[in-house]
Amino acid sequence: MVRGIMANQMSLDTTGHNITNAGTEGYSRQTVTLATTYAEQRPGHYGNVMVGTGVDALAVERARDIYADIQYRNENPTQTYYQTRAKNYDKLETVFDDSQNLGIEEAINQFYRSWVDLSTTASTASFRKQVIEHGRNLSDLLQTATADLQEQIRSEYEDIKSELGEIDDMLAEIVTFNKQIVTQEATGATANDLRDRRDYVVDKLSDYMNIHVTENEFGAYQINSGGVTLVNGATRAHLDISDGVSSSVYGVDYGITDYTIKIRESNTVFIPQNGILKARLDAIAEDKTFIDSMADIAGFLLTTFNEQHKQGWDMDGHSKTDSDGNTVPDTINFYGVDGMSYQYRYDPEFNYRYVYKYDPDAADDSTNANNKEGGELLSGVRIIAALELNTRLSENRGDRYIAAATSKQYVETTNASGNIVGTWEDMPWNNRTGDGTNAVYMSELFNIPFETLISANKGNSDMLKDFCILRDKDGNAIDVEGNIISDGSSYVNETLLAKMSINSYYQESMSYLGVNAYSTDVNYEAMQHVMTQVTNWRDSTAGVDWNEELTNMIKFQKGFSSCSRCLNAMDECLDRLVNSTGVVGR
């Protein structure tokens, strides 16, 4: 009976422990494992009958499903990955939000419409000024969006730094729990509460990265992630953030400081395969692709757009003599530094696009293959920073520099065979019709695919063919595979937006953003359902059920009372035997 009282008392204590920790996150329900003790034969009392000796409490065990734990730690990093990516897409959608008609898309459309209006009102100063203002607005918005993207990248890196500190604390806790568990269980006990706290920390660690957990024969955890052992019993690795380096990939400058995650002990780069850390690194990489997209649009405006503008006549008929002795327009750049020329360059090895800025009147610099004619290669944010309205357009009466009229006229002649042949020839300023034909050509760059433009046999076709030649970083004409072309008849015509117009390129970028944001939201929602199922699975085993615990409390309380009553009855029998028998004849 004494053993029964003690066993029921231990069960009551354990039930109370369960009830008080019902709301404790990470707690696993505990139960007392009871077993009957060996029976004894007492010949002097009961003959040869084997008499039971009671009950014994073997252990206090956690109700834990190891397979549910494995499933949780496999699925949780995927959920937190999509959750973190979804937040970054929300930020990107804010940067490129045009719901109020105040974003980049509307700025492109307004700039386009201003050129369309100018084509019919080329002599009206207000419409010419409108072109300038909408052009300035577009460049400002591209630069603002880029600055926002850079700030998002910096914020992601700051979050990584903070989270690495949290991860470092978690790894230290797990090592401490490993030591305490091994010490306590060396005596044969089970350190249930320490194991719960360790598992809780391991679960939180799985928020940040994919992990694989194994337990050795002493009860200590070994934790691996991406082929790296983070914890091994009483030892651990340390994750550090590297020193900052200028953000450049293949020569691309994003204007921010980049960091990597390193293992301190081996000084090697740690690449998370899932979880929050991977989501942040992927978000940084994607933010950079949108900076590249802004740079492509800016580069198109500096190169092809500028060249089309320079093909036309301004209101004052500024002219110069070309290498063939012909009088041609000396029209200024719409964007960029006055007097500079901007050319599209391409690196086929890394599939990256550049803008080559040079002074066409300067001599070649043979000492540097990448800086012919004394120029420089611009990439990334440097292209976007160069997209400034030409300062001459901001001068008093600067609108007169807008080249709305074309310098090309279609001339039909009869060849030797008697056939009429039409060609586009230079048209002197004083022979211009006064129309806004070049403004039409400028507006076509916004919506008409490049291939359509160069095959349309218009006054801008020859300029586009001559200027938009695919070149490598050194200025050599190349094919799409990067092979240098020596035969001019096989030139590849392409702009910095490839074969696309400004509008279609921007809309494609926004479609990419919308599709990926939606896909991420769908995946996150799906993972939430999966995690709900896994969590319910774990809770069905490890969770504390109030009804069950209250039932157990009553059962063990009744058992305790019954054992006590039985012990009292045995005590009364013994008292009567000792004190109330054998007194006859006294």
Side-chain angles (χ1 to χ4, degrees), residues 85-118 127 129-156 254-256 283-306 334-336 353 355 380-389 393 442-449 495-498 500-521:
R85 290 305 308 276
K87 291 179 181 178
N88 185 67
Y89 278 123
D90 290 342
K91 295 176 184 177
L92 285 173
E93 289 176 329
T94 300
V95 171
F96 296 108
D97 179 30
D98 204 55
S99 59
Q100 303 298 320
N101 293 329
L102 298 173
I104 294 175
E105 183 177 11
E106 180 62 20
I108 292 174
N109 290 332
Q110 287 180 345
F111 196 27
Y112 158 73
R113 288 193 291 267
S114 68
W115 283 106
V116 173
D117 293 340
L118 186 64
F127 285 92
K129 291 178 180 178
Q130 195 174 64
V131 168
I132 294 173
E133 291 307 312
H134 288 313
R136 179 185 287 111
N137 182 50
L138 176 57
S139 65
D140 287 347
L141 286 177
L142 288 174
Q143 292 175 350
T144 299
T146 301
D148 290 340
L149 291 170
Q150 289 175 304
E151 187 57 37
Q152 280 189 202
I153 293 174
R154 295 188 188 99
S155 177
E156 294 289 350
Y254 292 102
I256 51 109
I284 290 169
E286 189 155 49
D287 289 347
K288 289 181 178 180
T289 65
F290 283 101
I291 291 178
D292 289 339
S293 296
M294 299 302 101
D296 288 344
I297 295 174
F300 180 88
L301 295 173
L302 284 168
T303 55
T304 305
F305 189 86
N306 266 349
F334 191 91
Y335 287 111
R353 295 180 280 276
V355 168
V381 295
R382 298 180 65 202
I383 298 175
I384 301 168
L387 189 71
E388 293 285 352
L389 198 71
L393 295 175
M442 298 292 287
S443 68
E444 289 177 341
L445 296 175
F446 288 87
N447 294 313
I448 300 179
T495 70
L496 204 133
L497 302 183
M500 304 176 72
S501 64
I502 299 175
N503 253 326
S504 59
Y505 184 85
Y506 182 77
Q507 289 171 4
E508 182 182 72
S509 298
M510 293 304 101
S511 295
Y512 170 85
L513 171 59
V515 168
N516 281 276
Y518 174 76
S519 175
T520 299
D521 288 339

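Computed from a predicted model, the values in this text were never measured in an experiment.
Counting only heavy atoms from C-beta outward, the side chains of R85 and N516 never approach each other to under 4.5 Å. For the pair L149 and F96, the minimum side-chain heavy-atom distance is below 4.5 Å. Contact of the L389 side chain with the I132 side chain is registered, since non-hydrogen atoms from C-beta on lie closer than 4.5 Å. Contact annotation: the side chain of R136 never approaches that of F111 to less than 4.5 Å [non-hydrogen atoms, C-beta and beyond]. Side-chain contact between D287 and K91: absent, with no pair of heavy atoms (C-beta onward) separated by less than 4.5 Å. Counting heavy atoms from C-beta outward, T304 and L497 have side chains that stay 4.5 Å or more apart.
Within the 3.5 Å criterion, the main-chain N or O of D140 finds a donor-acceptor partner in the side chain of T144. In this structure, the side chain of S155 does not engage the main chain of E151 through any donor-acceptor pair within 3.5 Å. A donor-acceptor pair is defined here as one N or O able to donate and one able to accept, closer than 3.5 Å; no such pair exists between the side chain of E105 and the backbone of Q507. Side chain of E93 to main chain of G514: no donor-acceptor pair is present (N/O by atom type, distance under 3.5 Å, no hydrogens or angles). A distance-only check finds no donor-acceptor pair linking the side chain of N137 to the backbone of E133 [under 3.5 Å]. In this structure a side-chain-to-backbone donor-acceptor pair under 3.5 Å is present from T289 to E286.
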Before you tell me yes or no, could you show the steps for I291 and I153 under side-chain contact (heavy atoms from CB on, under 4.5 Å), namely the whole-Å CA-CA distance, both residues' side-chain angles and the distance that decides it to 0.1 Å?
CA-CA 11 Å; I291 291 178; I153 293 174; 4.1 Å; yes
Apply side-chain contact (heavy atoms from CB on, under 4.5 Å) to the pair M442 and V131, showing each step before the final yes or no.
CA-CA 11 Å; M442 298 292 287; V131 168; over 6 Å; no
Could you walk me through whether D292 and Y254 satisfy the side-chain contact (heavy atoms from CB on, under 4.5 Å) test, starting with their C-alpha distance in whole Å, then the side-chain angles of each, then the deciding distance to 0.1 Å, before giving a yes or no?
CA-CA 9 Å; D292 289 339; Y254 292 102; 3.0 Å; yes
Do L302 and L387 pass the side-chain contact (heavy atoms from CB on, under 4.5 Å) test, and can you show the C-alpha distance, the side-chain angles, and the key distance before you say yes or no?
CA-CA 7 Å; L302 284 168; L387 189 71; 4.0 Å; yes
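When every heavy atom of G380 is checked against every heavy atom of A295, the shortest pair comes out as O-CB, 3.5 Å. The minimum heavy-atom distance linking Q143 with I384 is given by the pair NE2-O, 3.1 Å. G299 and T303 get closest at one heavy-atom pair: O-OG1, 2.7 Å.
Taken to the nearest 0.5 Å, the CG atom of D90 stands 11.5 Å off from the CG atom of D97. Summarising the geometry, atom CD belonging to Q152 is positioned 5.0 Å from atom CG belonging to L92; distances are rounded to the nearest 0.5 Å. Separating the NZ atom in K129 from the NE2 atom in H134 is a distance of 14.0 Å, to the nearest 0.5 Å. W115 CH2 to Q130 CD: the interatomic distance, rounded to the nearest 0.5 Å, is 12.0 Å. Separation of atoms CG (L142) and CG (L138) is listed at 4.5 Å; rounding is to 0.5 Å. Here the straight-line distance linking atom CG of D98 with atom CD1 of I104 works out to 8.5 Å at 0.5 Å rounding.
With sequence neighbours excluded, the residues forming a side-chain hydrogen bond (donor to acceptor under 3.5 Å, both in side chains) with D296 are R353, Y505, listed by chain and number. By the salt bridge (charged side-chain N to carboxylate O under 4.0 Å, His left out) test, E106 pairs with R113, sequence neighbours left out. For F300, there are no ring-ring contact (aromatic ring centres under 6.0 Å, His included) partners at least two apart in sequence or on another chain.
Between F334 and F305, the ring-plane angle classifies as perpendicular under the 30° and 60° cut-offs. By the 30° and 60° cut-offs, the orientation of the rings of Y512 relative to F290 is tilted.
With hydrogens and angles left out, the side-chain atoms of N503 and S501 include no donor and acceptor closer than 3.5 Å.
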